[in-house]
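Everything on this sheet refers to the single structure shown next.
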Amino acid sequence: AFLKSNGTTTDGGTLAKTNGAFAYSDFANYWYDSLMWYKTNGIVPAYISIQNEPDWPASWDSCVFHPTEDTVNGTNYASYALALDATYQRLSSMPSPPKILAPETTGIGYNKVQTYAAYMDGNSFYGIAHHLYNGGSASSADSFIPALQALTNTFPSKPRFQTEYGDTDMIQTALLMHNCLTASDASAYIFWSLVWPVGGSALLQQENPWNTGSWTTPHGYWLTPQYYAMKHFSYFITPGYRRVETPGNDPNARVSAYLAPDNSRLVIVMIDVTAGQEPDHVIVMINPNATSYPVTNTLNGFSFSTSAVYQTVGTNAEISQFASLGSAPANLQWSLPGYSITTVVLNAAPS
């Protein structure tokens, strides 16, 4: 609160001033002192963001930073870029400073990320971060595609992280993850939230933990449809995997593929966005040499000895949850059920 212009951690405000100037160095010192205190207690973050949603004056914990110092409706606002520079420089004296993600705006609409990035020094942060509360509609993951594609022109050599979003159902969650990973080449997608009370948007909904007698389930929680959308992308695809090209996608059957760091495993995620029971699709996992659709089943140099297939099918009310379908067929052809997500794991033969 002592670093805020309004004297409280909540309700927006901006950075406080000292002797007529914004207290960037004090802000940076606060970050340094906090991280060193956490370290003494065994907590060493790999990534940090210096301010959650600097473009939003939320009624909860918040602080507004504009892209550059300015005055709006008589209020002076501190510069996010200058706060970022000061924090980066202060943390550089740490033995192993965390990687900084920026600017973590509320969304990607209205050129928010680009506007902040225009003033940011590329040497002061590791990767681009953003949320998805604008730039598209929760009911249509594809509506985000233009704004996601535009992000690739902002610090194109840096990784991109989607760090908070969850206002979607199962299929839209899967599609939005697919679009972030493919349209903006994102390196991470973080769902908001992991756990939340019943009725909230979360991967796991929790009943009242202080009143077990009120539970309607044996353990007081249940996994949501969005959980299984996330599981299809995260159970086998772990840090270090890289996305590989999957040309020839049908708009009704989205495909992305991920290769292990040692090339020992290829993981393919397929999403059928059509309604109905059994629409036929011949899915080509990877074929960079394809020039038209459909393409015959080709893995382009990756051979496998063992495989496994997992599939989630249905609406949000009735779901076959991450069901094992056994091994992949030899011809790598599938008939994908409507509203389904399928993960195929292909393991290379031991060398």
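These numbers were taken from a predicted model, which means no experiment stands behind them.
- Two residues are said to be in side-chain contact when any heavy atoms from C-beta on lie closer than 4.5 Å; I268 and T246 fail this criterion.
- Rounded to the nearest 0.5 angstrom, R254 CZ and L181 CG are separated by 13.5 Å.
- Residues D121 and L84 have side chains not in contact (no heavy-atom distance under 4.5 Å, counting atoms from C-beta outward).
- Side-chain contact check for L151 versus H130: some heavy-atom pair is nearer than 4.5 Å.
- A single hydrophobic cluster is seen to contain both V113 and F155, as judged by linkage of ILVMFWY side chains at heavy-atom distances under 4.5 Å, directly or through other members.
- Other residues, nucleotides and ligands place no more than 12 heavy atoms under 6.0 Å from the OH atom of Y30.
- Tested against Y165, the residues Y133, Y189, W192, F191 include a single ring pair (Phe, Tyr, Trp, His ring centres under 6.0 Å) partner, Y133.
- Inspection of the E104 and T163 side chains reveals an N or O donor paired with an N or O acceptor under 3.5 Å.
- L223 places none of its side-chain heavy atoms less than 4.5 Å from the side chain of L203.
- Side-chain contact of S62 with E53: a donor-acceptor pair under 3.5 Å is absent, judged by distance alone.
- Between Y47 and F161, the ring planes lie tilted relative to each other; the angle falls in the 30° to 60° range.
- Using cut-offs of 30° and 60° on the angle between ring planes, the pair F322 and Y310 is parallel.
- No chain of hydrophobic side-chain contacts below 4.5 Å, direct or via other Ile, Leu, Val, Met, Phe, Trp or Tyr residues, connects V64 to Y116.
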Between Y32 and L91, is a side-chain contact (heavy atoms from CB on, under 4.5 Å) present by the stated rule, with each step listed?
CA-CA 6 Å; Y32 179 89; L91 300 188; 4.0 Å; yes

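- W31 and F27 have perpendicular rings, their planes meeting at more than 60° on a 0 to 90° scale where under 30° would count as parallel.
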Let's go through T216 and E207 carefully: what are the C-alpha distance in whole Å and the side-chain angles of both, what is the deciding distance for side chain to side chain donor-acceptor pair (under 3.5 Å) to 0.1 Å, and is it a yes or a no?
CA-CA 8 Å; T216 61; E207 300 189 272; 2.8 Å; yes

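- Side chain of T217 to backbone of G220: a donor-acceptor contact under 3.5 angstrom is found.
- No donor-acceptor contact under 3.5 angstrom links the side chains of S340 and D272, judged on distance only.
- No donor-acceptor pair under 3.5 Å is formed between the side chain of S124 and the backbone N or O of Y88.
- Proximity of L101 to F125: side-chain heavy atoms (C-beta onward) are nowhere separated by under 4.5 Å.
- Two residues are said to be in side-chain contact when any heavy atoms from C-beta on lie closer than 4.5 Å; K39 and P95 meet this criterion.
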What do the steps show when you test I237 against R243 for side-chain contact (heavy atoms from CB on, under 4.5 Å), and what is the final call?
CA-CA 10 Å; I237 304 165; R243 190 174 65 83; over 6 Å; no

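- Using modelled atom types, one finds no donor on one side chain facing an acceptor on the other under 3.5 Å when comparing T105 with D55.
- Under a hydrophobic-cluster definition in which Ile, Leu, Val, Met, Phe, Trp and Tyr are linked whenever side-chain heavy atoms come within less than 4.5 Å, directly or via other members, V267 and L175 are assigned to the same cluster.
- Taking the side chain as every heavy atom from C-beta outward, R265 and Y241 approach each other to under 4.5 Å.
- A donor-acceptor pair shorter than 3.5 Å cannot be found between the side chains of T8 and N6.
- Under the 4.5 Å side-chain heavy-atom criterion for grouping Ile, Leu, Val, Met, Phe, Trp and Tyr, Y228 is not connected to I190 through any hydrophobic cluster.
- Between the S5 side chain and the G13 main chain, no donor and acceptor come within less than 3.5 Å of each other.
- Ring pair F22/Y24 is tilted by interplanar angle, where 30° to 60° counts as tilted.
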Take H131 and N52 through the side-chain contact (heavy atoms from CB on, under 4.5 Å) test and state the conclusion after the steps.
CA-CA 10 Å; H131 299 169; N52 178 62; 3.1 Å; yes

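- Grouping the Ile, Leu, Val, Met, Phe, Trp and Tyr side chains by contacts below 4.5 angstrom, directly or via other members, places L194 with F233.
- Y235 places none of its side-chain heavy atoms less than 4.5 Å from the side chain of T343.
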Take N76 and K17 through the side-chain contact (heavy atoms from CB on, under 4.5 Å) test and state the conclusion after the steps.
CA-CA 10 Å; N76 297 321; K17 285 187 175 183; 3.4 Å; yes

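- Other residues, nucleotides and ligands place more than 12 heavy atoms under 6.0 Å from the CZ atom of F304.
- Of the N and O atoms on the side chains of D185 and T152, not one donor lies less than 3.5 Å from an acceptor on the other residue.
- Each of H232, K231, Q321 was evaluated against T312; a single residue qualifies, H232, per the side chain to side chain donor-acceptor pair (under 3.5 Å) test.
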